Amino acid sequence: MAKIPVSMVVNGEKIGPLEVEEYTSLLDFLQEYLNLTGTKLGCGIGVCRACTILVEREDGSREPVRSCINNVGRFNGTSVTTVEGQAERNSDGEIVALSPIQQAFLRNFSFQCGWCTSGFVNAATALIDRLRREPVSANAIEGVIDEALGEHICRCTGYVRYFRAVREVIESTPGLLKEAE
């Protein structure tokens, strides 16, 4: 099988160039080449969204992308964030603080088995990033959360706790909601 050189930034660290088989999925690249196993393979066809990671766009915003259905070559030269890149770390690489979304998921007991959690964390983080640029009115929160997370599949919790946690973060973070008119 043909190999291609791949270079990217993953969780703030420059990677590559590495020679990778041409049809390697981004998920396989993260797990097999970089030993980043937090991103999970659920369905393998992009439906469940457990494999969601974040890709930085040119404008600095982060887009949720399903890593199981996209070849790693598509991400050559990009900046990618996985669930391992969400928490704040010190200079020794030790976790010193979880992200607001991670903290809210823990506070709300949002997950049981945790298989889908990394996808929810990344999608919710992308939503929070979007709301920093484009705040919504308080009466639109439910629809915005449903749009961002509604296609993620969780077979354990019934989604209520994930959605509640994201709502909590939105309501408690200044600047994500429009001022009442």
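Since the model is a prediction, treat every value here as computed from it, not as a measurement.
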If you take all heavy atoms of Ile69 and Gly46, which pair is closest and at what distance?
-> CG2-N, 3.5 Å
In a table with atom names and distances, give each donor-acceptor pair under 3.5 Å that connects a side chain of residues 7-19 to protein atoms at least two apart or in another chain.
{"unit_1": "Asn11", "atom_1": "OD1", "unit_2": "Thr82", "atom_2": "N", "d": "2.8"}
{"unit_1": "Asn11", "atom_1": "OD1", "unit_2": "Thr82", "atom_2": "OG1", "d": "3.4"}
{"unit_1": "Asn11", "atom_1": "ND2", "unit_2": "Thr82", "atom_2": "OG1", "d": "2.8"}

Check: Leu177 and Pro135 side chains under 4.5 Å, non-hydrogen atoms | no
Do Glu21 and Thr24 have a side chain donor and acceptor closer than 3.5 Å?
-> no
Same cluster (ILVMFWY, side-chain, under 4.5 Å), Ile153 and Ile45 = yes
Cys48 and Gly42: which non-hydrogen atoms are nearest, and at how many Å?
-> SG-CA, 3.6 Å
Is the closest side-chain heavy-atom distance between Leu30 and Thr37 below 4.5 Å?
-> no
Audit row: Val166, Leu127, side-chain contact (heavy atoms from CB on, under 4.5 Å) steps and yes/no | CA-CA 9 Å; Val166 174; Leu127 172 61; 3.9 Å; yes
Check ion pair Glu171-Arg167 (N to O, under 4.0 angstrom) = yes
Mind checking what makes side-chain contact (heavy atoms from CB on, under 4.5 Å) contact with Glu147, not counting sequence neighbours?
-> Arg130
Pairs in or reaching into residues 74-111: which pass ring-ring contact (aromatic ring centres under 6.0 Å, His included), with residues at least two apart or in two chains?
-> Phe105-Tyr162
Under 3.5 Å side-chain donor-acceptor pair for Asn108 and Ser110 | no
For the residue pair Cys51 and Leu27, what are the closest heavy atoms and their distance?
-> CB-CD2, 4.4 Å
Gln86 versus Leu98: any side-chain heavy-atom pair under 4.5 Å?
-> no
Would Leu131 end up clustered with Val121 when hydrophobic side chains under 4.5 Å apart are linked, directly or stepwise?
-> yes
Rounded to the nearest 0.5 Å, how far does CD1 of Ile4 lie from CG of Asn71?
-> 7.5 Å
Decide whether Val80 and Val65 are clustered together by the hydrophobic rule: side chain heavy atoms of Ile, Leu, Val, Met, Phe, Trp, Tyr closer than 4.5 Å, transitively.
-> yes
Hey, could you give me the CG/OG distance between Leu26 and Ser67, rounded to the nearest 0.5 Å?
-> 5.0 Å
From Ile101 atom CD1 to Asn122 atom CG, the distance as rounded to the nearest 0.5 Å = 10.5 Å
According to the salt bridge (charged side-chain N to carboxylate O under 4.0 Å, His left out) rule, which pairs have a member within residues 47-65, sequence neighbours left out?
-> Arg49-Glu151, Arg57-Glu63, Arg62-Asp129
Tell me, do Arg133 and Ser61 make a side-chain contact under 4.5 Å, heavy atoms counted?
-> yes
Nearest-0.5 Å distance, CZ of residue Phe120 to CH2 of residue Trp115 = 15.0 Å
Shortest non-hydrogen contact from Ser118 toward Ala50 = OG-O, 3.3 Å
Take Gln102 and Val83, measure what side-chain contact (heavy atoms from CB on, under 4.5 Å) needs, and give me the verdict at the end.
-> CA-CA 9 Å; Gln102 290 170 317; Val83 70; 4.2 Å; yes
Determine whether Arg66 and Val47 make a side-chain contact, defined as any pair of heavy atoms from C-beta on separated by less than 4.5 Å.
-> no
Stepwise, does the side-chain contact (heavy atoms from CB on, under 4.5 Å) test hold for Arg107 with Glu168?
-> CA-CA 10 Å; Arg107 258 192 319 277; Glu168 176 185 295; 2.5 Å; yes
Verify the cluster assignment for Leu36 and Leu54: are they in a single hydrophobic cluster under the rule of side-chain heavy atoms below 4.5 Å apart?
-> no
Tell me, please, which residues at least two apart from Tyr33 pass ring pair (Phe, Tyr, Trp, His ring centres under 6.0 Å).
-> Phe29
So salt bridge (charged side-chain N to carboxylate O under 4.0 Å, His left out) across residues 72-96, not counting sequence neighbours, yields none
Heavy-atom distance under 4.5 Å between the side chains of Thr81 and Ile53, does that happen here?
-> no
Between the OG atom in Ser25 and the CG atom in Leu41, the distance rounded to the nearest 0.5 Å is 8.0 Å
Given side-chain contact (heavy atoms from CB on, under 4.5 Å), test Ile170 with Ile128 step by step and report yes or no.
-> CA-CA 7 Å; Ile170 292 170; Ile128 299 303; 3.6 Å; yes
Quick one: pull up CZ in Arg132 and CG in Leu176 and give me the separation to the nearest 0.5 Å.
-> 6.0 Å
Do the side chains of Thr52 and Pro64 get nearer than 4.5 Å, heavy atoms only?
-> yes
